[in-house]
Amino acid sequence: MTKANTPPRQVSIGTYEGLRTKERVVLDIDGQSVGVYFLGDEIRAWHNTCPHSGGPVCQGKTVARTLQAVDAATGKSPGLTLDRSSRMIVCPWHGFEFDLLTGIHAVDTKTRLRPVPVAVVDGDVVLTLG
Ligand code: FES
């Protein structure tokens, strides 16, 4: 049976209480590298392959989103600010940034990380891998 024909399976990676204090864990499960992120009460899991050139995106640091407001009256910007309520994953190869919660690139909304379904089941964090 080829990998494409393998049915999805659920894999428990540990307890939610034990993992939630970590911002991120990167796991290799049967040859699939996955980054699992915890932000407040939210959990996201992404395949550790950057859509740009295949870099290990989940090995990158996370940072606040950088914003540049523009004054509507003058058309000028007072400078850059940080949105500390959001987190961006920065790919270590070329610096592409992806929203930690949506997986969408900071500028090119058609470029996004590939999600891995994740849920808390009976207190465990469970991934569904294809
Ligand atoms: S491979 Fe991730 S930014 Fe290029």
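Ligands are counted one by one from 1 in listed order, and the atoms in each one are counted from 1 as well. Residues: numbered from 1 along the sequence shown. All values derive from a computational prediction rather than experimental measurement. As a basis for the values below, the full set of heavy atoms in this structure was taken, side chains included, without hydrogen atoms, waters or symmetry mates.
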Once side-chain contact (heavy atoms from CB on, under 4.5 Å) is applied, do any residues pair with Arg20, and if so which ones, sequence neighbours excluded? Tyr16, Glu17, Phe38, Asp41
Mind checking what makes side-chain contact (heavy atoms from CB on, under 4.5 Å) contact with Pro92, not counting sequence neighbours? Pro56, Gln59
Within the 4.5 Å heavy-atom criterion, are Leu82 and Arg65 side-chain neighbours or not? no
What pair of heavy atoms forms the shortest contact from Asp83 to Ala64, and how long is it? O-CB, 3.6 Å
Just to verify, what does Phe98 make a ring-ring contact (aromatic ring centres under 6.0 Å, His included) with, not counting sequence neighbours? His105
Less than 4.5 Å apart, side chain to side chain, heavy atoms only: is that true for Ile13 and Val36? yes
Which protein N, O or S atoms does atom 2 (Fe) of ligand 1 have within a distance shorter than 2.8 Å? Cys50 SG, Cys91 SG
